[in-house]
Engineer: 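Supplied in structure tokens, the structure appears directly below.
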Amino acid sequence: PANTSTATGAREGAASSKFDAQGRRRQVSHTAPASYFQAAECNGFKTIREVPSLVIMSEANMAEYTLPSETLSFEPPPEAVIAIFKNGDQERKIYTNTKLDENEYQYLAKLREEAKASESEFYPSVTCMATRFLSRARNDPKKALKLMKDTQNWRAQYFQDGPITDTSLLEDLKHGIVYFTGRDFCLRPAIVIRAARIPQQWYKEKRIDKFIRMLIFCMEYFLRYMVVPGRVENLSVIADLGSLGISQVPLTALGEVYKVLGHHYIGRVFKFYVVHVSMTLSTIAGMAKSWLTDRQKQKLNILDDINELHKEFALTQLETDLGGSRPKLDKFFPFPLRPGPYTPGYNGDILANAVPNVHEAITHGGACGRLWDPKLSLEENTRLEYTPKAAAILERCGLPVPEAIFNLDGDGPVPTSSASRSAESLPVEQSCTACSATWEQQLPLGPQKAASQEMTPSTDDGDGYRDNMHMDDCGSPLDDLDLRTDEVIRGHHNHELQSTSVTCCCSL
């Protein structure tokens, strides 16, 4: 894609009948078919094209402190990585960019074998969850594969008509039913659910799907913008049942919450706090809790005293009716997230010099993370994947800037050190023919298999024009996932497939 003048210059001497008035090619381009890349691998699994799940249409709807700078250097304590229960059982909480033990490697290998034998293919984002599915399945590879397929099918069905957008939910989010309010001392976000705020009209019209859609929007927002693989991968849920009697508890809605979070966002909820529970409900819940497993008990916390949250949160991160010092909120989107400190029980001033918009430093692929590969070095396995804005953001955060990060400066990207790849290896900015938006340049930082993006035909078709395809970092088209520039592969029609670093705003 290019404008008319650029296209004319690039194709000087070519037959004018090949292009329309906008300089676009009339004939079919010599490009590799989509099916060529469908057998590519990510995290040891065959992948297919990812279905886009989230689009933020307006920058004004991104909270400035969606991702605090502390997350980039945070070292989670051992109990935040693996939880140990009284009966000797344990559950991993941090799964990506983190070394696994030998048993985990063995079970992961068996799961990959099961997937290969059944010729299963997954979205790259689902492959990153493989060890989470194994944990849920108690290391049974067949059960884990079924869970993977269930989530794969659910995502394919739920997002088949397009991603959830912020603008489509603006009116529903105003109710304050579901929203993020802060982070705990391990920098895990807290999502608040106010069941009493669900409009009665939704019950009458059986529109609980509105509530579920908001919850899914929050989870996709969390996965894209609020996590740092290997450091912060979980969240806590604070469910407020205040003003609800036993007959008013929205069991259907709460059941859907469990179904969505427990089945398709496996291993993401660190703790589930239930607050403002009536005495009758508390008695019933206490009896029911005795039937739960240690894992379930560890996550479910029915609080008699709201001040128990002070053990996990700074008061400045919570509203007054949740035991905090923040005035009760009346605006819930953009999410009312504040900077730290995040020290439990802290009740002083919030940081005045906190760096905003740190979420802009990490790519979509970087937020997904990767499963640990023993064949790669520690640095390769733990490396975050950054955008071109990262260098400036990291400097403002007082953090070291990796050598491989590029800055956009003047006519193109400029390497931050002489050891970095030359600027010529990255493409110039172009616009998308499908939506006229601008492509975002990403960085070649990942160790996973590179994919084709820009392709130069080895047999000239008369115009010498370079065709472009949107491809993901694992070898299949994937909206917004970063690409790498570290491999050249040979493909269909004997084209030389040179990976670049372009991603697009839309799904092509």
Side-chain angles (χ1 to χ4, degrees), residues 51-58 61 63 151 153-182 189-224 226 235-265 268-269 272-278 280-282 284-285 288 300 302 318-319 321-322 328-337:
V51 174
S53 58
L54 174 73
V55 171
I56 302 298
M57 304 294 290
S58 172
N61 289 332
T151 294
N153 293 337
W154 176 80
R155 295 188 69 85
Q157 187 275 329
Y158 196 88
F159 300 110
Q160 64 180 341
D161 295 327
I164 299 178
T165 65
D166 52 333
T167 51
S168 69
L169 291 174
L170 288 180
E171 290 302 314
D172 293 340
L173 289 168
K174 288 180 180 179
H175 293 293
I177 303 168
V178 184
Y179 58 95
F180 288 102
T181 184
I191 186 171
V192 177
I193 299 176
R194 307 269 195 177
R197 294 178 180 175
I198 299 176
Q200 289 301 311
Q201 192 66 24
W202 291 11
Y203 291 114
K204 293 178 182 178
E205 297 176 355
K206 296 183 179 181
R207 292 306 310 274
I208 296 301
D209 61 293
K210 285 176 170 281
F211 166 68
I212 298 303
R213 192 164 182 81
M214 285 191 296
L215 180 63
I216 292 172
F217 171 81
C218 289
M219 291 304 299
E220 293 298 319
Y221 185 99
F222 161 75
L223 293 175
R224 174 59 187 91
M226 303 183 79
L235 55 72
S236 291
V237 177
I238 302 176
D240 176 17
L241 299 186
S243 303
L244 295 175
I246 190 168
S247 62
Q248 297 172 304
V249 175
L251 295 177
T252 301
L254 292 178
E256 286 297 322
V257 170
Y258 172 78
K259 181 179 179 180
V260 170
L261 296 183
H263 292 183
H264 306 306
Y265 295 97
R268 292 298 182 177
V269 177
F272 198 108
Y273 301 99
V274 184
V275 301
H276 299 147
V277 183
S278 68
T280 303
L281 281 176
S282 181
I284 296 174
L300 179 61
I302 301 173
L318 300 172
E319 297 166 79
D321 69 328
L322 296 177
K328 201 166 182 179
L329 298 166
D330 57 6
K331 293 183 179 179
F332 309 98
F333 192 75
F335 296 122
L337 297 160

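Just so you know, these numbers come straight off a predicted model, no measurement behind them.
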Engineer: For residues Y265 and R155, report the shortest heavy-atom separation together with the two atoms involved.
Structural biologist: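 Looks like OH-NH1, 4.0 Å.
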
Engineer: Fit a plane to each ring of F217 and F335, take the angle between them on a 0 to 90° scale, and name the class: parallel (under 30°), tilted (30 to 60°) or perpendicular (over 60°).
Structural biologist: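 Plane angle between 30° and 60°, so tilted.
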
Engineer: Measure the spacing between CD1 of I198 and OH of Y203 and express it to the nearest 0.5 Å.
Structural biologist: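 Between I198 CD1 and Y203 OH, I get 3.5 Å after rounding to 0.5 Å.
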
Engineer: To the closest 0.5 Å, what do you measure between CD1 (I191) and CZ (R268)?
Structural biologist: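 With rounding to 0.5 Å, CD1 (I191) is 13.5 Å from CZ (R268).
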
Engineer: Measure the shortest side-chain to side-chain distance between N61 and L170 over non-hydrogen atoms and say whether it is less than 4.5 angstrom.
Structural biologist: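 Yes, close enough: below the 4.5 Å cut-off.
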
Engineer: Between L337 and M226, is any pair of side-chain heavy atoms under 4.5 Å apart?
Structural biologist: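 Yes, their side chains come closer than 4.5 Å.
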
Engineer: What distance separates E220 CD from I164 CD1, expressed to the nearest 0.5 Å?
Structural biologist: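 Going from CD on E220 over to CD1 on I164, the span is 6.5 Å.
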
Engineer: Do L173 and M214 come close enough that some side-chain heavy atom pair is under 4.5 Å?
Structural biologist: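 Result yes, sub-4.5 Å side-chain heavy-atom pair found.
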
Engineer: Stepwise, does the side-chain contact (heavy atoms from CB on, under 4.5 Å) test hold for F211 with I193?
Structural biologist: CA-CA 10 Å; F211 166 68; I193 299 176; 4.1 Å; yes

Engineer: Minimum heavy-atom separation for P334 to A63, with atom names?
Structural biologist: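 Here P334 and A63 meet closest at CB-N, 4.1 Å.
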
Engineer: What are the two closest non-hydrogen atoms of Q157 and Q160, and how far apart are they?
Structural biologist: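 Closest heavy-atom pair between Q157 and Q160: O-CG, 3.1 Å.
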
Engineer: Please examine the side chains of I238 and L318, heavy atoms only from C-beta on, and report whether any two atoms are closer than 4.5 Å.
Structural biologist: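 Result yes, sub-4.5 Å side-chain heavy-atom pair found.
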
Engineer: For a 4.5 angstrom cut-off between non-hydrogen side-chain atoms, does D166 reach F333?
Structural biologist: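 In contact.
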
Engineer: Mind checking what makes side chain to side chain contact (heavy atoms under 4.5 Å, CB included) contact with R194, not counting sequence neighbours?
Structural biologist: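 Expected list: Y179, V192, R197, D240, E319, D321, L322.
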
Engineer: Of all heavy-atom pairs between P52 and F159, which one has the smallest distance, and what is that distance?
Structural biologist: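 Looking at all heavy atoms of both residues, the closest pair is O-CB, 3.7 Å.
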
Engineer: With rounding to the nearest 0.5 Å, note down the distance linking CG in D209 to CZ in R213.
Structural biologist: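 One gets 8.5 Å once the value is rounded to the nearest 0.5 Å.
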
Engineer: Would you say H263 and W154 make side-chain contact, with heavy atoms under 4.5 Å?
Structural biologist: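 The answer is no; the side chains never approach within 4.5 Å.
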
Engineer: Are the side chains of L241 and H276 in touch, meaning some heavy atoms are under 4.5 Å apart?
Structural biologist: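 Side chain of L241 against side chain of H276, heavy atoms only: no contact under 4.5 Å found.
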
Engineer: Grab the two heavy atoms, one from F332 and one from L329, that are nearest each other, plus how far apart they are.
Structural biologist: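 Heavy atoms only, the tightest pair is CZ-O, 3.4 Å.
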
Engineer: I'd like to check H264 versus I216 (side-chain heavy atoms, cut-off strictly below 4.5 Å). Are they in contact?
Structural biologist: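 No, too far: nothing below the 4.5 Å cut-off.
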
Engineer: Please report the shortest heavy-atom distance between A196 and G242, naming the atom on each side.
Structural biologist: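 Heavy atoms only, the tightest pair is CB-O, 3.7 Å.
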
